Amino acid sequence: MYDLKKIEKKWQKKWEKAKIFEGNPNSSKKKKFITVPYPYASGPMHIGHGRSYVNGDIFARYYRAKGYNVLFPIAFHITGTPVLAISSAIKNRNKKMKDLMREYIYLHTSDSKKIEKILSSFQDPWNIVNYFSKSMLVDLKTLGMSMDWRRTFTTGDKIYNKFIEWQFDKLYDKGYIEKGSYPILYCPKCESAAGEDDIQSGDEKNLSINKYIGIKFQLNDYYLVASTLRPETLFGVTNIWINPEEIYVEVQVEGENWIISKHSVEILENQGKSVSINREFIGEDLLAKKVKNPINRRDLLILPASFVDTEIATGIVYSVPAHAPFDLIALRDLKKDIKTINRYNLDEEEIQNLQPLKIINLKDISRIPAEFYIEKYHISNQNETEKLEQATAENYRQEFYHGTLNSNCDTYSNTVVPKAVSIIVDKLDNENKITKIYYPVTPNLMCRCGAKIVISLLEDQWFINFNAGNWKNQARNCLNKLIIAPKKYRLNFENIFEWLNKRPCARKRGLGTSLPFDNDWIIESLSDSTIYMAFYTIVNTITENKIPPEKLTLKLFDFIFLNKGEIDEIAEITGITKDLIIKMKNEFFYWYPVDHRHTAIMHISNHLSFYIFHHVAIFSKHHWPKCITLIEPVIVEGNKMGKSKGNVISLAEIKQNYSIDLFRFFISQSADLGIKLDWREKQIKTVKKHLNNFINFVDTSLNKIPNFQKNIQKIRAWYPKVINSICAKKFKEAEKALRNFDLREYLQQSFYETFNILKELKKYSYNKSEFLEVIKMILPKWIKLLSPTIPHICEEIWHKMGYKGFISLEKWDFHKNININQNNEIEYEYIQNLIGDIKNIQKVLKTEEVEKINIYTAPNWKIKVNNLIMKHQGDFHKILDNIKKSETLIKKKETIPYLKSQIRSWNSKPIINLIDEKIVLKEAKKYLENRLKLSIAIDSDYDPKSRKKNATPMKPAIYIS
RNA sequence: GCGGGAAUUGCCAAGCUUGGUCAAAGGCGCUGGACUUAGAAUCCAGUCUUGUAGGAGUUCGAGGGUUCAAAUCCCUCUUCCCGCACCA
């Protein structure tokens, strides 16, 4: 048995030593540039990465076999905050993080002293990056990736920063980058933005931000600022709610006097407003006062409600009882609560007169919507918060998507809700009657440092605006020509393009590249990984010639990537020799565009869309991406793989527990690209068996063939000849599947089907030397065909067969001296059907006492009739006309009934060649006897149960005696 | 909510693009057999119902429709999964 781990190491070393996967431009050869996403260097790679990478590698190897010059590079992504988060957690002696990192390091180092040393070095983020990029490189090599290792870099490298600066300079020039204000979750203690990773149980919470509109209701010299998510309901306001027991303040903001809750002062301050408090007072002081609705000047009474949360937004809300279940129920509660009315000295009559004012019409609900939903959810008082929230949500959904303002809304009547929102906000904004307040959807978010998360408003946030200029149309042009496999994801891209708007493209912290036009900002990690494939084409030249980063000027990149500018000038300014500049430019122009990008569906909505947008923004049309293939995620034993579940399987474990070729084979074979791949231990064991059987089969066959490459005998016998032809057909189909990105089908054909049929040949062939002749013929091609998937095993076999050189560099030549005989296949199928029928009969007979099988072929006249049926597509009259021409046919009284029954069962089948069954049966007789372990008589006169008459063409009659 | 994907015989999962050869690949499980002292492993056979002759019947989330013919095409419904922006 082969020691697969040993074999793998051996060939990986040989490949690396011989540098056979280094891609160098060669103008006489067609090229393929194949990429996979660079991994994020903050932890080990897992089998999900493995799926993408093996996918890419199979195609890199396939195209080499097809004679292409292939470039397949890799690099490491380190941009952003995760690496910083690790190092600061290590610095703070965070036990959980330390344990996690220990676990990661242990995958490559078992010496506990070394582990601790590496761990403590992680206090410096760059050591993390260095460590993981190195260990990932090891993993990639053990995966058997046919990559060009000279072109690795990290996104933190100075030379890479220069490249990204050039990219953003280009985007800025085109006007695709702009400034605006943007609310973010922010930790005041850490003094930085807080993402999912920074927030306690951030992965389980909704971290969106609500945008409240604060509406200024005039109250004497003050504005009472009530907050709402639904400004379109302003026409239906009946009163204002405040919480009588909470603290409110009179403040000065932006030259105006506002009344808001005390809590909200801090919220406003965090969002860039300067607030000075004039006076503090308790909520009940506001009760019974009246304010004016800015939209229709109507007077509104201020009333008490316990559900008002003064921590949210301004701590004051307006009441729209017709459209808000909370408001309606609070109003009902108050009307019944004479005690409260009296306590606060409110005018009972006025309160009893308050009625819901319906302002939005719904097609399906003619009643007051809030009433409808309160009943639907069986709500009895305002403290049933959970039910009220559900009711509110459904009420809101219905009105927002299906509602129209009615005649109570002045000029806005008949406006659909989404439109009403924007025009009402615009109108009030113009009159300076509103302010915007942001508040998290989930209150009380806590930073991992323990401080409460607030919302901060970045006034000068940089955005990429995907709607700028003609950009989106250009991107659509690219998309239309892009090959996407599987096809079903194209629609996804189209919709995302539609929806893409503005996206913040820089952050205040993290590793990466500074914005060239605003150095306080770091380019965000998804924006600095969109056109980096271009950098692969020149990075080797930069590093090999030790070109320092400062020489990598904008003009240099313009020349290399866009063929712009004067080389003499650039050479002089940068001090880089003209030769090198031209080398880089030629190399880019040779390799670009990217021919394949093999990645996962999770990237469609961000990375892959940006990949297309940034390419069309910067590069000329013939450098736009050509093809994207997508995989669904890998799951483990039916469960999603995730850190929290503790079921992440790293690639390092794979190499310990399995062989790499087994991994490559399993991951490629067990699911189509567009299907989730379930990693099941049991399945892998089964597949391992298959692979071992294959190796055994090949090896024992080889051992029986002393001179493998010595001339091949002509194969004469029917059975091996047919098998040979069928294998050839399978190879052709396998390659076709591969070309169409159906990896599973490719392996189904090339591995399983071919293997099964060869195993069968070995078992039932009646002349062993002919079997070996078939092997001689088939094996070299077969091994080549499988080598992209299981390259190590195939190299080993290739050399055992006596070939020199790497199979990884062998060209596929299946079309050479391969003869697929269509009839062979039909014959084989015919015999297989016959065997199936015989077995079926044996099964029904339930008797073991069988001596002989008699087979009777159909008489000639039936063959003639069937041929006529096919020729005339079952047209009875036409066929009859032809039958009349033949005296023997028309005279035979069975002819017409037979014709009728055959037409009935014919079912528009296509024309097939009716083979000469007598000859085939004669040739296949030994094979049949071998398989059925019974003797066979063909067309014998012995027919005691007169079965003979049942024979039809391609379906001989059978009698088992 | 928006957008996308999916539902197949005990389970996982092919087939659907291009309707017919589909009772529907493959694997797991289960049943029987071979080997073995025995088990694990391995190999062989079977695995919707039914039938002493290759047949018949009922199936592919539910309900309609198109067609000579539907797992496959069209419509409606139900259920499940995934993505949704500063996060890599």
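Quick caveat: nothing in here was measured; it's all calculated off a predicted structure. In what follows, chains carry the letters A, B, and so on, assigned in the order in which the sequence lines appear, proteins first and then strands, with residues in each chain numbered from 1.
When rounded to the nearest whole Å, the span between CG of A:D672 and C1' of B:rC16 equals 13 Å. A straight line from CD1 of A:I635 to P of B:rC81 spans 13 Å, rounded to a whole angstrom. For A:D742 and B:rG26, the CG to P distance is 19 Å, given to the nearest whole Å. Rounded to an integer number of Å, the gap from A:E745 CD to B:rC16 P is 10 Å. When the P atom of B:rG4 is taken as reference, atom CD of A:E632 falls 15 Å away, rounded to whole Å.
Taking the nucleotide of RNA chain B with the nearest heavy atom to each of A:K640 and A:G80, the more 5' of the two is matched to A:K640. The nearest heavy atom of RNA chain B to A:I958 and to A:L500 marks one nucleotide each, and the one closer to the 5' end goes with A:I958.
With B:rA14, B:rG27, B:rC28 as the choices, the nucleotide that has an atom nearest any side-chain atom of A:I675 turns out to be B:rA14.
Base pairing analysis places B:rA62 opposite B:rU76; the two distances defining the Watson-Crick or G-U wobble pair are each below 3.5 Å. Pairing of B:rU47, defined by two Watson-Crick or G-U wobble distances under 3.5 Å, is identified with B:rG29.
The base of B:rG54 lies close enough to the side chain of A:D837 for a donor and an acceptor atom to sit less than 3.5 Å apart.
Between B:rA41 and B:rC28, the two P atoms lie 11 Å apart (nearest whole Å). B:rC44 and B:rU52 are spaced 30 Å apart, taking the P atom of each and rounding to whole Å.
Applying the salt bridge (Lys or Arg N to Asp or Glu O under 4.0 Å) criterion to A:K839, with sequence neighbours excluded, gives no partner residue. Partners of A:Y160 under the side-chain hydrogen bond (donor to acceptor under 3.5 Å, both in side chains) rule, at least two apart in sequence or in another chain, are A:Y38. Evaluation of the ring pair (Phe, Tyr, Trp, His ring centres under 6.0 Å) rule for A:Y764 yields no partner, not counting sequence neighbours. Annotation: salt bridge (Lys or Arg N to Asp or Glu O under 4.0 Å) contacts of A:E632 (sequence neighbours excluded): none. Scored by the side-chain contact (heavy atoms from CB on, under 4.5 Å) test, A:H46 finds A:H49, A:M641, A:V648 as partners (sequence neighbours excluded).
Residues A:K955 and A:D837 are paired through a salt bridge, judged by an N-O separation under 4.0 Å between the basic side chain and the carboxylate.
Judged by distance alone, the side chain of A:S670 and the main-chain N or O of A:I667 form no donor-acceptor pair under 3.5 Å.
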Pairs: protein N or O with nucleotides 39-50 of chain B N or O, under 3.5 Å:
{"residue": "B:rU42", "atom": "OP1", "partner": "A:K689", "partner atom": "NZ", "Å": "2.6"}

